[in-house]
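Values below: all heavy atoms of this structure, side chains included; hydrogens, waters and symmetry mates excluded.
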Amino acid sequence: AIHAAHHQPIRIGTDAALALAMCKVIIDAGLYKKRFVQEQTDLPLLVRKDTGHFLRGSEINDGDRDDQFYWWDSMTGSLTPAPRHTLALVGIDPALEGSFEVTLKDLTRVEVEPVFVRLRRHLEDYTPERAGEICEIHPENIRKLARKVATRKTKIFIGWNSGKYYHGDLMERSMALLLGLTGNWGKQGTGTRS
């Protein structure tokens, strides 16, 4: 930490709580990189509210693929297959918010919502105050750090130790989520490094 501009002495093993609280701050403040989230993550994909599973092509059309997923296009107000050959968004605006009714191939109507909506609900309990108790970091420092990550290039050096903790994979996933929300993948000076 000798060369760090800002050092937060987090309680060991509580990285996931810190990262999820930062994600909550970023989403609540609208600081996430919307286009990056739409294009580079699964957060705009639609999930059935009745089953909690992704909406699949095999449920919509006879003979369609089980691995065909869908978005709700905000520009046309319609169900749209997510492209399978590219991540690039051309002429489409996948919804990150909302609830939509779609008709399945058996004519059953189901409610669907983007994964982003489910993420927002999941993060409700990860306030900086709650995470601060867990991580032993002041809530205002969590907010400041979240804003820094949202507005600057960020690289997370995680070391090899997180996998040694119970649910260490969840620590790494929460960090990946933080980087995904802020567009900190795929550019020099971003991502994670062990």
Novice: Would you compute the distance between atom CD of E133 and atom CD of E129 and round it to the nearest 0.5 angstrom?
Specialist: 8.5 Å

Novice: Check side chain to side chain contact (heavy atoms under 4.5 Å, CB included) between Y126 and all other residues, then give those that pass, not counting sequence neighbours.
Specialist: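 With neighbours one apart ignored, the set is L20, H122, L123.
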
Novice: Mark yes when over 12 heavy atoms from residues, nucleotides or ligands other than E101 sit less than 6.0 Å from its CD; otherwise mark no.
Specialist: yes

Novice: Please say whether more than 12 non-hydrogen atoms of neighbouring residues, nucleotides or ligands are located less than 6.0 Å from CZ in R173.
Specialist: no

Novice: Report the C-alpha separation of D93 and R35 in whole Å, then their side-chain angles, then the decisive distance to 0.1 Å, and conclude whether the side-chain contact (heavy atoms from CB on, under 4.5 Å) test is met.
Specialist: CA-CA 9 Å; D93 183 30; R35 198 64 175 172; 4.3 Å; yes

Novice: Using side-chain heavy atoms (C-beta onward) and a distance below 4.5 Å, is L45 in contact with P114?
Specialist: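 Not touching, per the 4.5 Å side-chain cut-off.
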
Novice: Enter the distance from L96:CG to L43:CG here, rounded to the nearest 0.5 Å.
Specialist: 7.5 Å

Novice: According to ring pair (Phe, Tyr, Trp, His ring centres under 6.0 Å), who are the partners of Y70, at least two apart in sequence or on a separate chain?
Specialist: none

Novice: Rounded to the nearest 0.5 Å, what separates atom OG1 in T154 from atom NZ in K148?
Specialist: 10.5 Å

Novice: To the nearest 0.5 Å, tell me how far T190 OG1 sits from L179 CG.
Specialist: 7.5 Å

Novice: Do D66 and S58 pair up side chain to side chain, a donor and an acceptor below 3.5 Å, judged on atom types alone?
Specialist: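 Yes, a side-chain donor-acceptor pair sits under 3.5 Å.
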
Novice: State, to 0.1 Å, how close G57 and D64 come at their nearest heavy-atom pair, and which atoms those are.
Specialist: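 Of all heavy-atom pairs spanning G57 and D64, the closest is O-CB, 3.1 Å.
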
Novice: Please list, chain by chain and in numerical order, all residues satisfying ring pair (Phe, Tyr, Trp, His ring centres under 6.0 Å) with H138, sequence neighbours excluded.
Specialist: none

Novice: Taking all non-hydrogen atoms of both residues, which atom of C23 and which atom of S174 are closest, and how far apart?
Specialist: SG-O, 4.3 Å

Novice: Check G180 against V37 and note the closest heavy-atom contact, atom names and distance.
Specialist: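 Closest approach of G180 to V37, heavy atoms only: O-CG2, 3.8 Å.
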
Novice: Could you tell me the separation between the CG atom of L178 and the CD1 atom of I156, rounded to the nearest 0.5 Å?
Specialist: 5.0 Å

Novice: Tell me whether L87 is reachable from Y32 by hopping between hydrophobic residues (I, L, V, M, F, W, Y) whose side-chain heavy atoms are closer than 4.5 Å.
Specialist: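 No, no single cluster joins them.
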
Novice: Under the side chain to side chain donor-acceptor pair (under 3.5 Å) rule, collect the residues that match up with R120, sequence neighbours excluded.
Specialist: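 Once residues adjacent in sequence are excluded, the partners of R120 under the side chain to side chain donor-acceptor pair (under 3.5 Å) criterion are E97.
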
Novice: Run the side-chain contact (heavy atoms from CB on, under 4.5 Å) check on D42 and F54 step by step: do they pass?
Specialist: CA-CA 10 Å; D42 64 356; F54 285 111; 4.2 Å; yes

Novice: Please examine the side chains of V47 and L55, heavy atoms only from C-beta on, and report whether any two atoms are closer than 4.5 Å.
Specialist: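 No, their side chains stay 4.5 Å or more apart.
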
Novice: Compare every heavy atom of L89 with every heavy atom of Q38, then report the nearest pair and how far apart it is.
Specialist: CB-CD1, 3.6 Å

Novice: Please name all residues satisfying side chain to side chain donor-acceptor pair (under 3.5 Å) with R147, sequence neighbours left out, ordered by chain then number.
Specialist: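 Per chain and number, R147 pairs via side chain to side chain donor-acceptor pair (under 3.5 Å) with no residue.
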
Novice: If we only count heavy atoms from C-beta on, is the L119 to L177 side-chain gap below 4.5 Å?
Specialist: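 Contact flag for L119/L177 side chains = yes.
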
Novice: Let me confirm one number: the CD1-CE distance from I137 to M22, rounded to the nearest 0.5 Å.
Specialist: 9.0 Å

Novice: Determine, step by step, whether R56 and E59 satisfy the salt bridge (Lys or Arg N to Asp or Glu O under 4.0 Å) criterion, reporting the C-alpha distance in whole Å, the side-chain angles of both residues, the deciding distance to 0.1 Å, and the verdict.
Specialist: CA-CA 5 Å; R56 297 176 177 276; E59 298 171 310; 5.8 Å; no

Novice: What pairs with D50 under salt bridge (charged side-chain N to carboxylate O under 4.0 Å, His left out), at least two apart in sequence or on another chain?
Specialist: R48

Novice: So do the side chains of I60 and L104 get within less than 4.5 Å of each other, counting heavy atoms only?
Specialist: yes

Novice: Determine, stepwise, if the pair T192 / K155 fulfils side-chain contact (heavy atoms from CB on, under 4.5 Å).
Specialist: CA-CA 6 Å; T192 60; K155 180 181 236 59; over 6 Å; no

Novice: Can you name the closest pair of heavy atoms from T76 and S78 and give their distance?
Specialist: OG1-OG, 2.6 Å

Novice: Any side-chain to backbone donor/acceptor pair from T127 onto R130? Under 3.5 Å, distance only.
Specialist: yes

Novice: Testing the 3.5 Å rule here: is there a donor-acceptor pair between the side chains of S99 and K49?
Specialist: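 Side-chain D/A pair, S99 to K49: present.
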
Novice: What about F69 and V115, same hydrophobic cluster or not, with Ile/Leu/Val/Met/Phe/Trp/Tyr joined at side-chain heavy-atom distances under 4.5 Å?
Specialist: yes

Novice: So, K187 side chain and G183 main chain: donor-acceptor pair closer than 3.5 Å or not?
Specialist: yes

Novice: Hydrophobic clusters join Ile, Leu, Val, Met, Phe, Trp and Tyr when side-chain heavy atoms are under 4.5 Å apart, directly or via other members; which others share one with L170?
Specialist: none

Novice: I92 versus P94: any side-chain heavy-atom pair under 4.5 Å?
Specialist: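 Answer yes - side chains close enough.
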
Novice: Search all heavy atoms of T103 against all heavy atoms of L107 and return the closest pair with its distance.
Specialist: CG2-CA, 3.7 Å

Novice: Who are the salt bridge (charged side-chain N to carboxylate O under 4.0 Å, His left out) partners of D62, not counting sequence neighbours?
Specialist: K105

Novice: Could I get the full list of side chain to side chain contact (heavy atoms under 4.5 Å, CB included) partners for E136, not counting sequence neighbours?
Specialist: R11

Novice: Within the structure provided, determine whether F36 and L181 are in side-chain contact (heavy-atom separation under 4.5 Å).
Specialist: no

Novice: Report whether L31 and I27 are members of the same hydrophobic cluster (ILVMFWY, side-chain heavy atoms less than 4.5 Å apart, transitive linking).
Specialist: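 Hydrophobic grouping puts L31 with I27.
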
Novice: Using the test side chain to side chain contact (heavy atoms under 4.5 Å, CB included), find all partners of R121 that sit at least two apart in sequence or belong to another chain.
Specialist: E113, V117, R118, E124

Novice: Using the test side chain to side chain contact (heavy atoms under 4.5 Å, CB included), find all partners of A95 that sit at least two apart in sequence or belong to another chain.
Specialist: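 So A95 forms a side chain to side chain contact (heavy atoms under 4.5 Å, CB included) with W72, S74, F100.
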
Novice: Test of understanding: with side chain to side chain donor-acceptor pair (under 3.5 Å), list the residues that count as partners of T51, not counting sequence neighbours.
Specialist: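 With sequence neighbours excluded, T51 shows a side chain to side chain donor-acceptor pair (under 3.5 Å) to no residue whatsoever.
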
